[in-house]
Amino acid sequence: MTTEPVLSVIVYGRDVQGLLGVCLDSVTAQLPPEAELLTAAVGDEAQDVAVRGGGTVVPLPDGTDDAGARAAGADRARGRWLWWVSGKDRLPVGAVRAMLDRLADAPDTVDVVVADHARSTWRESGTSGRDTGRLARVARRDVTLDDAPHLLRVTPVLTNRALRASFWRAHRADLADPDEMFAARASLALADRIACLEQVVVDVRELRSESLPPVTAGQRYRLVESYERLHRLLDDRSRPRAVLYDLMATETMRVVARETMPDDVAREFFHRASAAAVRWQPAGYRRPAGLEGIRRRLLEEDAYARYRAFQAANHRRRELRTTVRAGKKQVGLKIRDHYYRRALRDPVDPDLAVFSAYWDRGVACNPAAIAAKLSELAPHIRPVWVVSKATEPLLPPGTAHVVPGTRGYWEVMARAKYLTNNVNFPNAVVKRPDAIHLQTHHGTPLKKMGLDQLDYPTASKGLDFDALLARIDKWDYSVSANSHSTQMWEHAYPSRYVSLDHGYPRNDVYYSATAADIRAIRDRLGIAPGRRAVLYAPTHRDYEASWTPRLDLADLADRLGDDTVLLVRGHYFYGGAASPLAGLRRTGRVIDVSTFDPVEDLALASDALITDYSSIMFDYANLDRPIISYADDWETYAKTRGTYFDLMAEPPGQVARNQEELTEILATDAWCDQASAKARAHFRRRFCEFDDGRAAERVVRRVFLGEPEESLPPVVPVESRTPAPTPEEATS
């Protein structure tokens, strides 16, 4: 690279627990020309890994601390911005591009860009969101610390922020401090202006404390010293100190309460924290209410002995409450376990089949289609549905069912020969050797799923991957609609199950529905003959802290006129009687179908589909009707959620990147033109591969009747299939 790069990514440190190579791979895999990689490698082992990783290597001797490594890397960096990444951490896909895009938007007055991060441990990957709300409050503005002192609460590590190189050089003495907490917060205190990025740009790995050197007394005391230095820094620049004071008091009290220290060290730490609390207490400060207020008062009074007595008494109260709660819970668990263990000793019932869909939300999706076909081909097998208490009143009359947690639930779960679900059954469900677990899934994957989410912390927040693997290991069969899904499931859900390349049973209706069926559905929805019905079904965004409307539906309906009705499937559009769409609903130009089931009926009733990245597009393609992709945030979605293919390169039809383009497509013939049909034909061949109207039959014969695969009805090629009639054909 001969020109000055925009960004220098500086990976630094030793090769801790063999993680440096993974870190470098995560950077080099996404490094664009306008960014450079430097590795400030400490020790021979790290230097060997760094040479293989590429980029510029800055060799440093053993014993160089992290601050020295960061400074050495920065001295060799040529970028206008510096981003330090610890060699134990890694960057999720799209992180470098996201950071570069935000830097490009930052005015010259911005010195620091602070981003969100994920946090992984040795046993769990990618827990994120701790700082999302704090960053969201700033959004795309640039601010001073006076404007947004709450930014001091953002996790104080240097890996979640980029610093302007000139700013680093001007304040090197403070920003190169060995205490990363001090350096990170000092960057905010010293910055003229700060910008924020809500996207997760780094996965910070927490190492097991047992694998690290023990914390010394001097390191404990330096925490208080660092906070005092930060207070002086804020004082010198006339910055507000209330947030910092609260952080100092909270963290020092937490250290005393939770960390194991010799009594003399704990007493001295408490004494130093007390002196700092008194010295730096802001004018007009008021202690918090409740127990925290009592702790603060004892800290200010340097009352270590009384604090310990208070802590012990409070601990005893918590133990008592926990014991009472645990006792009640334990009684319930013992009753459940008693029923379940006793039922597990009974023989498996070969004619009992349990079905569930969407976390026990009712009779739906692939399990419903399989159950219906089962009653036709194997009426001797009794289906029982698992449904939540709230869903129970909505069941079709006569549906045999159980409610989770009840005695009947555990009995059927223990004795059923067949267990079918489009998600996973709870962890507590035992996989009996002679029982068969059938996983039907509920969509073709565009977004990353299962273990493939490990590299996308925003998407995998809260997931327990060990528990996920244990649930996958219970599967005997996995239903697939196309070769793409089969391959992705094998990667995302690695286990010994058998893939059933038979098609999605829920899509059979797209080949069996008649003109009379379609007219009846449209009558039920109130769609007059001759009106064009467009189904709009957006998907969820993991990267959004809260839902953001993507379309102005009132404007779209107005522009398309009375001849078009919008079927909107998304309950978050309607917030009650005050909704701006209420008038449109009354005119019949917008119909809220968020709670309308089944969704297959909505597809049959519509002339076209608008969606973004929802898996409904793969199912809808079976109908061979127009599909418009509304992809206003494709790049952000792909970076944060991860995708298996580029939808922009292989769309199912026309693509609109903004509302004006979408309106133009629907207001002209573009929505159903030759280009749209050509793209849809390619999409159907790839993703409707096994869906020919007989998927449920193949699954029932193979799984429930034990017929060999070679005896099953062969899959009809896509070009030889006849989908259900269009609404226009149904009324002609």
Side-chain angles (χ1 to χ4, degrees), residues 349-388 391-402 412 416-423 425 436-443 476-481 500-518 520-521 524 596-605 616 619-620 622-623 688 690-707 712-713 715-716 721-724:
D349 185 341
D351 295 331
L352 179 58
V354 169
F355 290 88
S356 180
Y358 297 119
W359 300 274
D360 308 330
R361 292 211 296 264
V363 179
C365 193
N366 291 316
I370 293 170
K373 185 59 68 173
L374 185 68
S375 65
E376 175 187 330
L377 299 180
H380 61 282
I381 297 178
R382 305 187 312 280
V384 176
W385 281 86
V386 179
V387 295
S388 67
T391 305
E392 201 175 13
L394 305 177
L395 288 175
T399 303
H401 67 280
V402 290
V412 299
K417 170 76 173 180
Y418 307 97
L419 292 96
T420 301
N421 208 332
N422 68 353
V423 294
F425 285 104
I436 294 174
H437 283 235
L438 172 61
Q439 171 59 248
T440 74
H441 304 283
H442 53 275
D476 292 289
Y477 296 102
S478 167
V479 177
S480 177
L500 300 181
D501 295 344
H502 297 339
Y504 270 170
R506 71 182 183 191
N507 292 338
D508 287 352
V509 69
Y510 294 143
Y511 297 95
S512 62
T514 65
D517 295 328
I518 293 169
I521 299 168
R524 180 181 168 197
F596 185 100
D597 286 316
V599 69
E600 290 79 24
D601 281 2
L602 297 175
L604 288 166
I616 193 174
D619 304 321
Y620 195 88
N622 281 285
L623 290 169
C688 301
F690 308 138
D691 288 338
D692 64 352
R694 301 188 71 178
E697 179 183 352
R698 283 189 283 268
V699 171
V700 169
R701 291 191 182 280
R702 178 80 183 278
V703 176
F704 295 84
L705 298 179
E707 296 182 9
L712 303 179
V715 175
V716 177
R721 301 173 195 165
T722 303

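If you read the sequence from its start, that first residue is 1, and numbering goes on from there.
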Legend entry - Donor-acceptor contact below 3.5 Å, side chain Arg702 vs main chain Leu712: no
Legend entry - Side-chain donor/acceptor of His401 to backbone N/O of Thr399, under 3.5 Å: yes
Inset, instruction - Report the C-alpha separation of Asp597 and Leu394 in whole Å, then their side-chain angles, then the decisive distance to 0.1 Å, and conclude whether the side-chain contact (heavy atoms from CB on, under 4.5 Å) test is met. - result: CA-CA 11 Å; Asp597 286 316; Leu394 305 177; over 6 Å; no
Measuring only between side-chain heavy atoms, which start at C-beta, is [X] closer than 4.5 Å to [Y]?
X	Y	result
Val386	Val412	no
Arg361	Val387	no
Val363	Leu395	yes
Phe596	Arg524	yes
His441	Asn422	no
Ile616	Val599	yes
Ile370	Val700	yes
Asp360	Thr391	no

Between atom [atom1] of [X] and atom [atom2] of [Y], what is the distance when rounded to the nearest 0.5 Å?
X	Y	atom1	atom2	result
Ile381	Asp351	CD1	CG	6.0 Å
Arg701	Lys373	CZ	NZ	8.5 Å
Phe704	His380	CZ	NE2	10.5 Å
Tyr510	Tyr504	OH	OH	12.5 Å
Phe355	Asn421	CZ	CG	10.5 Å
Asp476	Leu438	CG	CG	9.0 Å

Taking all atoms of both residues into account, what is the closest heavy-atom pair of [X] and [Y], and its distance?
X	Y	result
Pro367	Ser356	CG-O, 3.4 Å
Leu623	Pro723	O-CB, 3.9 Å
Ser480	Asp501	CB-OD1, 3.7 Å
Arg721	Cys688	NH1-O, 2.6 Å
Ala371	Trp385	CB-CZ2, 4.0 Å
Ala696	Asp508	N-OD2, 3.0 Å

Inset, instruction - Could you check Val423 against His442 for side-chain contact (heavy atoms from CB on, under 4.5 Å), going step by step and ending with a plain yes or no? - result: CA-CA 8 Å; Val423 294; His442 53 275; 3.7 Å; yes
Legend entry - Charged N-O contact under 4.0 Å between Arg506 and Asp691: no
Legend entry - NZ/NE/NH1/NH2 to OD/OE distance under 4.0 Å, Arg382 and Asp349: yes
Inset, instruction - Would you kindly say whether Tyr511 and Asn622 are connected by a side-chain donor-acceptor distance under 3.5 Å? - result: yes
Legend entry - Donor + acceptor pair across side chains of Asn507, Asp619 (<3.5 Å): yes
Inset, instruction - Would you sort out whether Val479 and Asn366 count as a side-chain contact (heavy atoms from CB on, under 4.5 Å), showing the intermediate values? - result: CA-CA 9 Å; Val479 177; Asn366 291 316; 5.6 Å; no
Inset, instruction - Would you check, one step at a time, whether the test side-chain contact (heavy atoms from CB on, under 4.5 Å) holds for Ile436 with Leu419? - result: CA-CA 6 Å; Ile436 294 174; Leu419 292 96; over 6 Å; no
